[in-house]
There are 2 protein chains.
Amino acid sequence: MAKKDIRERIVEAASHRFHEFGYNATGIQDIVDAAKIPKGSFYAHFKSKEALGLEVLSDDARDTEATLTLNDETSPVERLREHFNILVSDYHRLKYRSGCLIGDFASELASNPNFRQATLHHHSEWSNNLEAVIRQGQARGEIDASRDSGVLARYLLDSFLGAVLRSRIARSQDAYDDFLEVCFDILLVKGPTASPMATKK
Amino acid sequence: MAKKDIRERIVEAASHRFHEFGYNATGIQDIVDAAKIPKGSFYAHFKSKEALGLEVLSDDARDTEATLTLNDETSPVERLREHFNILVSDYHRLKYRSGCLIGDFASELASNPNFRQATLHHHSEWSNNLEAVIRQGQARGEIDASRDSGVLARYLLDSFLGAVLRSRIARSQDAYDDFLEVCFDILLVKGPTASPMATKK
DNA sequence: ATTCAAAAGATGACCAGTCGTCTACATCTC
DNA sequence: GAGATGTAGACGACTGGTCATCTTTTGAAT
């Protein structure tokens with residue numbers, strides 16, 4: 001077994017467990033059991049549980065980022081919609097048992113300086129990307145240009161993370177449906193004349 | 001020391017720790033140290049750590065609920081604003097180190113059936129209350145009646161919980177400022193003519 | 001190409017500490 | 001004194017991490 005393969009198995013096993021059970025409720029033994037490696041080997045690949053956690057968080061953020069197209073000819077609003085739809089379909093596939101690490105680590109590990117800093121960094125990167133696309137939407141007249149793109153982006157991300165929380169306790173798509181409806185019918189719209197939600201039903 | 005006083009000290013100590021460090025990172029020893037009781041006494045008051053956690057969650061939800069006036073002559077929108085302002089001022093007082101248990105338990109304990117169920121229950125109660133007030137706002141013409149009050153309420157709560165997450169990692173008021181701005185300038189407004197955010201700056 | 005010693009990597013048993021819980025004993029109350 | 005209540009510290013399980021020992025790889029010499 002190549003060293004790289006083992007390392008990736010550890011990361012993958014940890015990622016699954018962190019997503020479903022959280023960081024503190026996931027032990028090293030759980031991870032190495034899932035990765036089918038001896039426990040002592042873990043430390044040949046990672047210095048510590050924390051080092052693994054930070055790497056898994058970083059990978060998660062990178063994967064999330066990849067689902068948002070920053071520069072493209074297509075409609076910025078549609079790109080945003082596609083971004084969230086991809087994320088939501090992942091949660092659906094996992095039967096709404098999985099959280100989002102940025103939200104979960106913000107919640108569970110905010111008192112750990114290293115995690116707090118890393119989580120804040122990734123959160124900001126994400127909302128900056130959302131903002132860039134929103135700004136494009138404003139430039140193309142798809143989104144009301146009188147709205148502060150930064151405020152919108154950050155709010156959007158907050159509400160998405162909140163929707164992830166709800167979906168996990170409810171084990172349901174409802175939170176995402178609500179999220180998509182308000183975002184695309186009220187927030188990310190052309191101007192003061194938002195389309196009424198009632199007519200969507 | 002009266003038995004009731006000891007019990008309340010345990011609840012208070014646990015509440016603080018759960019809010020700042022989360023459930024799994026808070027041990028019974030931490031709680032009894034903070035409550036200044038012997039560890040063995042804990043089980044004279046609570047059957048288990050889980051029983052304490054559920055009670056602290058319930059207390060937290062009750063306290064939060066008390067900050068929203070459901071029936072009153074005053075403006076529903078202002079009541080909603082006051083509700084969130086009270087919550088935010090608490091977080092400010094605690095230097096943004098505190099989370100919201102409904103959000104945090106949704107994140108950290110979603111895989112525990114008892115916590116998931118209780119958290120979902122309290123989350124729903126909260127959003128139902130928000131919905132009732134939003135509906136009053138719609139009846140009084142303060143909030144666009146073409147919006148689905150249930151969708152709005154749930155979305156609002158999701159976004160607030162997301163703002164709490166951000167405020168904790170950023171240790172800052174920004175998330176709440178963004179939340180209040182979007183909610184009261186875009187979502188909870190009279191009709192299709194939302195006041196532009198740019199003019200608020 | 002082969003051999004061998006050194007270096008690097010892997011690992012199972014072990015470590016000290018923490019965890020939530022329990023219970024024998026101590027203390028209190030009536 | 002009897003019964004109720006409180007509690008110190010033990011318990012068994014688990015935690016993240018260490019390390020002595022074994023295995024594999026590497027690179028130099030022939």
Side-chain angles (χ1 to χ4, degrees), chain A residues 1-58 101 104-105 108-116 118, chain B residues 1-57 101 104-105 108-109 111-116 118:
Chain A
M1 178 66 69
K3 182 170 177 176
K4 189 177 173 183
D5 288 345
I6 295 184
R7 199 175 195 281
E8 291 184 355
R9 283 208 345 247
I10 294 173
V11 170
E12 185 176 341
S15 183
H16 283 152
R17 300 287 307 210
F18 291 157
H19 274 93
E20 183 165 354
F21 301 104
Y23 180 84
N24 284 321
T26 299
I28 299 291
Q29 192 64 56
D30 298 324
I31 294 165
V32 297
D33 285 346
K36 296 182 165 58
I37 63 163
K39 190 180 180 193
S41 298
F42 177 87
Y43 296 93
H45 301 276
F46 293 94
K47 182 169 184 299
S48 63
K49 184 185 180 183
E50 177 173 299
L52 171 65
L54 290 167
E55 175 158 337
V56 170
L57 174 67
S58 178
L101 289 194
D104 289 345
F105 284 15
E108 193 182 354
L109 301 167
S111 57
N112 174 314
N114 293 328
F115 277 113
R116 182 167 75 84
Chain B
M1 177 67 69
K3 183 171 180 176
K4 189 175 171 183
D5 289 343
I6 295 184
R7 197 173 196 283
E8 291 185 353
R9 280 203 353 241
I10 294 173
V11 170
E12 185 176 342
S15 182
H16 283 151
R17 299 289 306 213
F18 290 159
H19 274 93
E20 182 164 358
F21 301 104
Y23 181 85
N24 285 320
T26 299
I28 300 290
Q29 192 65 59
D30 299 323
I31 294 164
V32 297
D33 284 348
K36 296 182 166 57
I37 63 163
K39 193 180 184 188
S41 297
F42 178 86
Y43 295 94
H45 301 276
F46 293 95
K47 183 169 185 296
S48 63
K49 183 183 178 183
E50 178 175 298
L52 170 65
L54 290 167
E55 175 158 336
V56 170
L57 174 66
L101 288 194
D104 291 344
F105 284 15
E108 195 182 354
L109 301 166
S111 56
N112 174 314
N114 293 327
F115 276 113
R116 182 168 73 85

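Residue numbers start from 1 in every chain, and the chains themselves are labelled A, B, ... in the order their sequence lines are given, proteins ahead of strands. In what follows, every heavy atom counts, from backbone to side chain, and hydrogens, waters and symmetry copies are set aside.
Partners of B:Glu55 by side-chain contact (heavy atoms from CB on, under 4.5 Å), not counting sequence neighbours, listed by chain and number: B:Arg7, B:Val11, B:Phe46, B:Asp59. Taking B:His19 as the reference, B:Ser15, B:Asp60, B:Ser98, B:Leu101 meet the side-chain contact (heavy atoms from CB on, under 4.5 Å) condition, with sequence neighbours excluded.
Here the closest non-hydrogen pair linking B:Val32 and B:Pro38 is CG1-O, 4.3 Å. Residues B:Ala34 and B:Ala13 come closest through the heavy atom pair CB-CB, 3.8 Å. Smallest separation of non-hydrogen atoms from A:Ser111 and B:Phe21: OG-CD2, 3.3 Å.
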Distances for protein N or O near nucleotides 27-30 of chain C N or O, under 3.5 Å:
none

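In this structure, CG of A:Asp5 is placed 16 Å from C1' of C:dG9, rounded to the nearest angstrom. Straight-line distance from the CZ atom of A:Arg7 to the C1' atom of C:dG9: 15 Å, rounded to whole Å. As a whole-Å value, the separation of B:Asp33 CG from C:dT18 P is 11 Å. Nucleotide C:dA10 holds its P atom 19 Å from the NZ atom of A:Lys36, rounded to whole Å.
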* Do A:Phe18 and A:Asp104 pass the side chain to side chain contact (heavy atoms under 4.5 Å, CB included) test, and can you show the C-alpha distance, the side-chain angles, and the key distance before you say yes or no? -> CA-CA 9 Å; A:Phe18 291 157; A:Asp104 289 345; over 6 Å; no

Enumerate, atom names and distances included, each donor-acceptor pair closer than 3.5 Å involving a side-chain atom of residues 22-31 of chain B, sequence neighbours excluded.
residue	atom	partner	partner atom	Å
B:Tyr23	OH	B:Glu50	N	3.3
B:Asn24	ND2	B:Glu108	OE2	3.4
B:Thr26	OG1	B:Arg17	O	3.4
B:Thr26	OG1	B:Gly22	O	2.7
B:Gln29	NE2	B:Asp33	OD1	3.0
B:Asp30	OD2	B:Gly27	N	2.8

* Structure fact -> For nucleotides 7-26 of chain D, 5' to 3', base contacts (B), sugar-phosphate-only contacts (S) and non-contacts (-) with protein non-hydrogen atoms under 4.0 Å give BBB------BBB--------

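Sorted by first and then second residue, the salt bridge (charged side-chain N to carboxylate O under 4.0 Å, His left out) pairs with a member in residues 34-44 of chain B form an empty list; sequence neighbours excluded.
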